[in-house]
Amino acid sequence: MEQAYDVIIIGAGPAGCAAARTLCSAGLSVGLFDKAIFPRDKTCGDALIPDAFHALSKLGLTQRIAGISYAVDGMRLISSDGSDVLVRAHGACIQRLKLDELLLNGAIETGAMFSPGHDFIRVLDENGKYYRIEFNTGLGVVTTRASWVLLATGAHPAPIERAGLLLSAECRSFAVRQYVRNERLAKDFNELVFVFDTTVKGGYGWIFPGPDAVFNIGIGFFGSAHKHNNPRRNYENFIAKLPLLQELMCDGEIVSPLKGAPLRTGLSGTRFAKGGLLGIGECIGATFPLTGEGIGKAMETGILAADAIIAKCQLGRAAVAQAYTRSVDALQPKFEVYRKAEFLFKWPYLTNKLVRHTRNNETTRGKVEGLFNETADPAFLLTLPGWAKILFR
Ligand SMILES: Cc1cc2nc3c(=O)[nH]c(=O)nc-3n(C[C@H](O)[C@H](O)[C@H](O)COP(=O)(O)OP(=O)(O)OC[C@H]3O[C@@H](n4cnc5c(N)ncnc54)[C@H](O)[C@@H]3O)c2cc1C
């Protein structure tokens, strides 16, 4: 007998789980499917920035996250000439293995029926009335049906193509990360460190402190920069160059191998909606260009899609698709500025200037803080008057 739901969600990462919890809380039946067996790891920097806390607050999960994450209250920017600046920034780090397990439990406790080990094969539209979705379980093909389908499968193009939402297979960014434990340095280390260095031209490196004295260290390339780089070699050069990293590695313990993954950024490359089939999270490119942060926007787009279904389902597929597309379109301006601002990574001279200017100028420091907290218009990164101040003052 074929199982039927109001909504089927494919992918149980932050986007899928946020949507599931929102839909179930409104009384809809939800089937949540993932090809992985949980708890599962996800290659990530593990940093939660304010938009993630905003989404977690909507989901009623802030307190639970606070209990198991590592809080940070600053963001240090280091440039290739050795200048650095510390700005106020409230965030947290939590290993994705734990974050995603918590989010999944948050979906299940509201009533989502979770099926792990289900690899999405295809979705068929049955006369505009409902969708039939097929999964490979290893033991055979399982078929389910639903009125609405949310695709939340992350950056990889294959499932997006199979769902008929793919416009471009290209992922514009790529990043690698490794976990290193260092009990000594972890004491009082409560800032996210971003490093602009010539060893990571076209991107940046990071050092993020996490729970249990484990640091998440990585580098990411944006735009097309990853095509001209060898991330493993760049990572080794990055580690070898920065004194803080040498210290961290010297008496630290490597607790995971270096792992890499693509990032689908810039709200591009995927259709947001096709009838009653909506894409959410990184599969629609909801990860920021320039920074690579995407956990918050994955949850946010999951909630937006759920809200569109809850509010408009009686009006039919077109009304839901239109409401959702509108709400995602409203996020576009910030993504556009971030995408354009990626030029910064090509010019170490500019990032040196930006870091020094941020240190010396209170107004710019306020803007950089506002950028992190999503309270300031990021457009100052692109205007000529903005750069004139940075370069010539
Ligand atoms: C190295 C690196 C560092 C990053 N650092 C940060 C950071 O510090 N902060 C931040 O906010 N963001 C960061 N990001 C981005 C962040 O990881 C993503 O934005 C976020 O994971 C997107 O969430 P999602 O739910 O859309 O997709 P995912 O988290 O990728 O979840 C997708 C889910 O779909 C499942 N799935 C995939 N294919 C199928 C299929 N065929 N059938 C069924 N299920 C399937 C997967 O198993 C997975 O569980 C980083 C990314 C990388 C690569």
Side-chain angles (χ1 to χ4, degrees), residues 8-20 32-53 55 72 91-97 99-101 103-104 107 114-123 133-137 142 150-163 171 173-179 192 194 203-208 210 216-222 226 231 235 258-265 270 279-289 291-302 305:
I8 280 180
I9 302 175
I10 309 165
C17 289
L32 178 60
F33 295 82
D34 201 291
K35 68 177 181 182
I37 305 293
F38 278 62
R40 64 104 181 84
D41 196 13
K42 156 77 178 83
T43 303
C44 188
D46 304 336
L48 300 180
I49 61 171
D51 68 348
F53 284 102
V72 291
C93 298
I94 173 171
Q95 285 156 13
R96 285 294 298 273
L97 191 81
L99 172 71
D100 290 20
E101 188 181 24
L103 293 173
L104 177 60
F114 178 53
S115 302
H118 280 59
D119 192 351
F120 166 63
I121 304 173
R122 63 177 176 158
V123 55
I133 302 104
E134 292 178 1
F135 295 95
N136 200 335
T137 63
V142 168
L150 299 184
L151 189 77
T153 46
H156 289 281
I160 309 173
E161 183 166 35
R162 291 201 293 271
C171 288
S173 308
F174 190 88
V176 295
R177 70 97 169 99
Q178 179 170 51
Y179 287 121
L192 300 172
F194 294 85
Y204 70 88
W206 71 82
I207 307 164
F208 295 163
N216 183 316
I217 304 167
I219 59 171
F221 294 99
F222 295 85
H226 63 282
Y235 179 78
L258 189 67
K259 283 177 90 177
L263 293 95
R264 187 168 280 274
T265 62
T270 304
I280 58 176
E282 193 160 14
C283 88
I284 57 160
T287 298
F288 280 129
T291 68
E293 312 288 355
I295 299 170
K297 286 289 172 280
M299 291 190 281
E300 191 174 328
T301 52

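In this text the structure is predicted, and so the values were computed from the model without any measurement. Numbers here are sequence positions counted from 1. Atoms within each ligand, like the ligands themselves, are counted from 1 in listed order.
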For the [atom1] atom of [X] and the [atom2] atom of [Y], what is their distance to the nearest 0.5 Å?
X: L263; Y: C44; atom1: CG; atom2: SG; result: 8.5 Å
X: T301; Y: E282; atom1: OG1; atom2: CD; result: 10.0 Å
X: K259; Y: K42; atom1: NZ; atom2: NZ; result: 9.5 Å

List the closest protein heavy-atom neighbour of [atom]: residue, atom name, distance to the nearest 0.1 Å.
atom: atom 23 (O) of ligand 1; value: A298 CB, 3.5 Å
atom: atom 19 (O) of ligand 1; value: T287 OG1, 2.8 Å
atom: atom 42 (N) of ligand 1; value: F120 N, 2.9 Å
atom: atom 2 (C) of ligand 1; value: C44 CA, 3.6 Å
atom: atom 52 (C) of ligand 1; value: T43 O, 3.5 Å
atom: atom 9 (N) of ligand 1; value: E293 OE1, 2.6 Å
atom: atom 41 (N) of ligand 1; value: D119 OD1, 2.9 Å
atom: atom 16 (C) of ligand 1; value: R96 NH1, 3.8 Å

By number and element, which atoms of ligand 1 are closer than 4.0 Å to a non-hydrogen atom of [X]?
X: A15; result: 25 (O), 26 (O)
X: H118; result: 42 (N), 43 (C)
X: G281; result: 26 (O)
X: I295; result: 9 (N), 10 (C), 11 (O), 12 (N), 19 (O)

Side-chain contact, heavy-atom cut-off 4.5 Å: [X] with [Y]?
X: I10; Y: I8; answer: yes
X: K297; Y: D51; answer: yes
X: W206; Y: I217; answer: no
X: F120; Y: K35; answer: no
X: I160; Y: T153; answer: yes

Any N/O of [X] closer than 3.5 Å to an N/O of ligand 1?
X: D34; result: yes
X: P14; result: yes
X: G292; result: yes
X: R177; result: no

Looking at every non-hydrogen atom in both residues, tell me the closest pair between [X] and [Y] and how far apart they are.
X: L32; Y: A20; result: CD2-CB, 4.3 Å
X: F222; Y: F288; result: CE2-O, 4.4 Å
X: A107; Y: C17; result: CB-O, 3.9 Å
X: C283; Y: L151; result: SG-O, 3.3 Å
X: I280; Y: A15; result: CD1-O, 3.6 Å

- Are the side chain of N216 and the backbone N or O of G45 linked by a donor-acceptor pair below 3.5 Å?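 Answer holds: yes.
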- Message: With a 3.5 Å distance limit and no angle check, can you tell me whether R264 reaches the backbone of A155 through a side-chain donor-acceptor pair?
- Response: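 Judged by distance alone, yes, a pair lies under 3.5 Å.
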Which of these, [options], has its nearest heavy atom closest to [atom]?
atom: atom 34 (O) of ligand 1; options: G11, G13, G294; result: G11
atom: atom 28 (P) of ligand 1; options: K35, K42, E282; result: K42
atom: atom 27 (O) of ligand 1; options: A12, G154, C17, G220; result: G154
atom: atom 3 (C) of ligand 1; options: P116, G302, G45; result: G45
atom: atom 1 (C) of ligand 1; options: A47, A19, P262, A175; result: A175

- Closer than 4.0 angstrom: is that true for some heavy atom of M299 and an atom of ligand 1?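 No, that is not the case, since the closest heavy atom of the residue is not under 4.0 Å from the ligand.
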- Could you establish whether R162 and ligand 1 come within less than 4.0 Å of each other, counting only heavy atoms on the residue side?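 Per 4.0 Å heavy-atom rule, R162 contacts ligand 1.
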Taking 4.0 Å as the limit for heavy-atom contacts, which would you say applies to [X] with ligand 1: side chain only, backbone only, both, or neither?
X: H156; answer: neither
X: T153; answer: both
X: A152; answer: backbone
X: L263; answer: side chain
X: K297; answer: neither
X: K259; answer: neither

- Message: Check the orientation of F135 and F33. Use parallel for under 30°, tilted for 30 to 60°, and perpendicular for over 60°.
- Response: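 Parallel.
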- Message: Less than 3.5 Å apart, any donor N or O on the side chain of Y235 or Q178 sitting next to an acceptor on the other?
- Response: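 The answer is yes; a qualifying pair exists.
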